[in-house]
Amino acid sequence: MTAQLIDGNALAANIRGEVATRVAALQARGVQPALAVILVGDNAASQVYVKHKVADCEGVGMRSILDRLPADLSEAALLARIRALNADPTVHGILVQLPLPSHIDASKVIATIAPAKDVDGFHVASAGALTIGQPGFKPCTPYGCMRMLQAAGVDPRGKHAVVVGRSNIVGKPMALMLLQANATVTVCHSATPDLGAFTRQADILVAAVGRRNTITAGMVKPGAVVIDVGMNRNEAGKLCGDVDFEGVRQVAGWITPVPGGVGPMTRAMLLVNTLEAAEATAG
Ligand code: NDP
């Protein structure tokens with residue numbers, strides 16, 4: 001039996017539909033939800049990402065402000081721009097596209113975003129709130145993964161979740177969200193010996209590594225839910241995840257594809273966070 005697919009495209013389309021309805025409700029109350037996206041420099045991948053974010057906003061009736069700033073912009077000028085957006089009541093979410101040029105300290109930049117507008121969920125205030133189980137913005141990728149579990153009818157309570165990867169934007173917040181949902185959580189990383197010994201215990205397996213074929217069929221417990229966050233390219237230049245999809249789908253109970261899995265959900269959850277930021281200001 002092959003695994004059932006968790007269709008990120010379909011789920012993200014549903015979420016965008018719900019967001020559009022709530023945006024219209026806010027507009028009727030005189031609030032136009034708005035996201036400011038700051039792009040410094042001309043990184044090719046970043047240009048594509050910000051274009052998608054702007055188009056996603058348009059699709060649900062949100063306003064977006066795209067600030068394209070030169071690669072040689074000073075850190076001080078960028079911080080000043082963020083402070084101006086913090087103070088602008090018509091802007092509800094602020095996102096600085098990463099990576100930033102090397103002369104700019106990304107942690108300083110993120111720390112300057114007002115926590116109430118931190119729709120990426122990267123600010124230490126957001127990370128701290130997640131850690132102690134208080135309300136706050138959740139990073140979009142793991143937030144989207146939780147929605148995918150929910151859509152598949154998978155309740156993490158009492159399950160063993162294994163997260164491979166411990167970055168601040170994916171692995172760590174993913175582990176915290178699963179813990180909050182009452183899973184027993186194991187976090188693996190590059191210094192984990194015998195990765196398969198851990199992943200084979202997983203009822204829920206999340207791969208967030210950035211390396212093709214990190215998870216193969218022999219590393220997966222039969223019937224497990226496998227969420228593939230990875231975004232890599234194969235020899236032919238085709239987008240693929242961290243999971244050997246064809247092999248693992250023969251073993252898993254549920255699996256997310258790449259493309260069409262976590263990627264579209266990440267984009268949808270940014271809209272959810274921005275909407276919620278606007279709703280919070282509307283009371
Ligand atoms: P990082 O490079 O920041 O983190 C990768 C993590 O994987 C690290 O914790 C690293 O461990 C761990 N790792 C590396 N090699 C191994 C290994 N052999 N065994 C076990 N763990 C290993 O990446 P991100 O978290 O930012 O992203 C991960 C992947 O997800 C990338 O492919 C990225 O493109 C993708 N991504 C996809 C998104 C989407 O929307 N679909 C959004 C964000 C990211 P250590 O900490 O020890 O170095």
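In what follows, every heavy atom counts, from backbone to side chain, and hydrogens, waters and symmetry copies are set aside. Counting starts at 1 for both ligands and their atoms, following the listed order. Bear in mind the structure is a predicted one, so any value in this text is a computation, not a measurement.
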J.: In ligand 1, which numbered atoms sit nearer than 4.0 Å to a non-hydrogen atom of N232?
T.: 32 (O)
J.: Please state which option from P264, P259, G210, G165 has its nearest heavy atom closest to atom 29 (C) of ligand 1.
T.: G210
J.: Taking the non-hydrogen atoms of G171, is any one of them nearer than 4.0 angstrom to ligand 1?
T.: no
J.: With heavy atoms of T266 as the reference, note each atom of ligand 1 found under 4.0 Å away.
T.: 39 (C), 40 (O)
J.: Using 0.5 Å steps for rounding, measure from the CG atom of L66 to the CG atom of L35.
T.: 9.5 Å
J.: Counting only heavy atoms, tell me which of C240, A208, G144 gets closest to atom 28 (C) of ligand 1.
T.: A208
J.: What atoms in ligand 1 come closer than 4.0 Å to a heavy atom of M231?
T.: 32 (O), 34 (O), 35 (C), 37 (C), 41 (N)
J.: Measuring from non-hydrogen atoms of T192 to any atom of ligand 1, is the shortest distance under 4.0 Å?
T.: no
J.: For L79 and K108, work out which heavy atoms get closest and say how close.
T.: CD2-O, 4.0 Å
J.: Tell me whether D118 contacts the main-chain N or O of H123 through its side chain, where contact means a donor paired with an acceptor under 3.5 Å.
T.: yes
J.: Heavy-atom count check: over 12 atoms from other residues, nucleotides or ligands less than 6.0 Å from D42 CG?
T.: no
J.: Tell me: protein heavy atom nearest atom 18 (N) of ligand 1, and distance?
T.: R211 NH1, 3.6 Å
J.: Taking N232 for its side chain and G241 for its backbone only, find out whether a donor-acceptor pair lies under 3.5 Å.
T.: yes
J.: For R166, is at least one N or O under 3.5 Å away from an N or O on ligand 1?
T.: yes
J.: Considering both backbone and side-chain atoms of T214, is one of its nitrogen or oxygen atoms within less than 3.5 Å of a nitrogen or oxygen in ligand 1?
T.: no
J.: So between T199, V258, T256, V229, whose heavy atom ends up nearest atom 37 (C) of ligand 1?
T.: V229
J.: Ignoring hydrogens, what is the shortest heavy-atom contact between H92 and T274? Give both atom names and the distance.
T.: CB-O, 4.3 Å
J.: For atom 1 (P) of ligand 1, state which one of S167, C145, P139 supplies the nearest heavy atom.
T.: S167
J.: When you check the gap from the basic side-chain N to the acidic O, do R212 and E235 get nearer than 4.0 Å?
T.: yes
J.: Report yes if I169 has an N/O atom closer than 3.5 Å to an N/O atom of ligand 1; otherwise report no.
T.: no
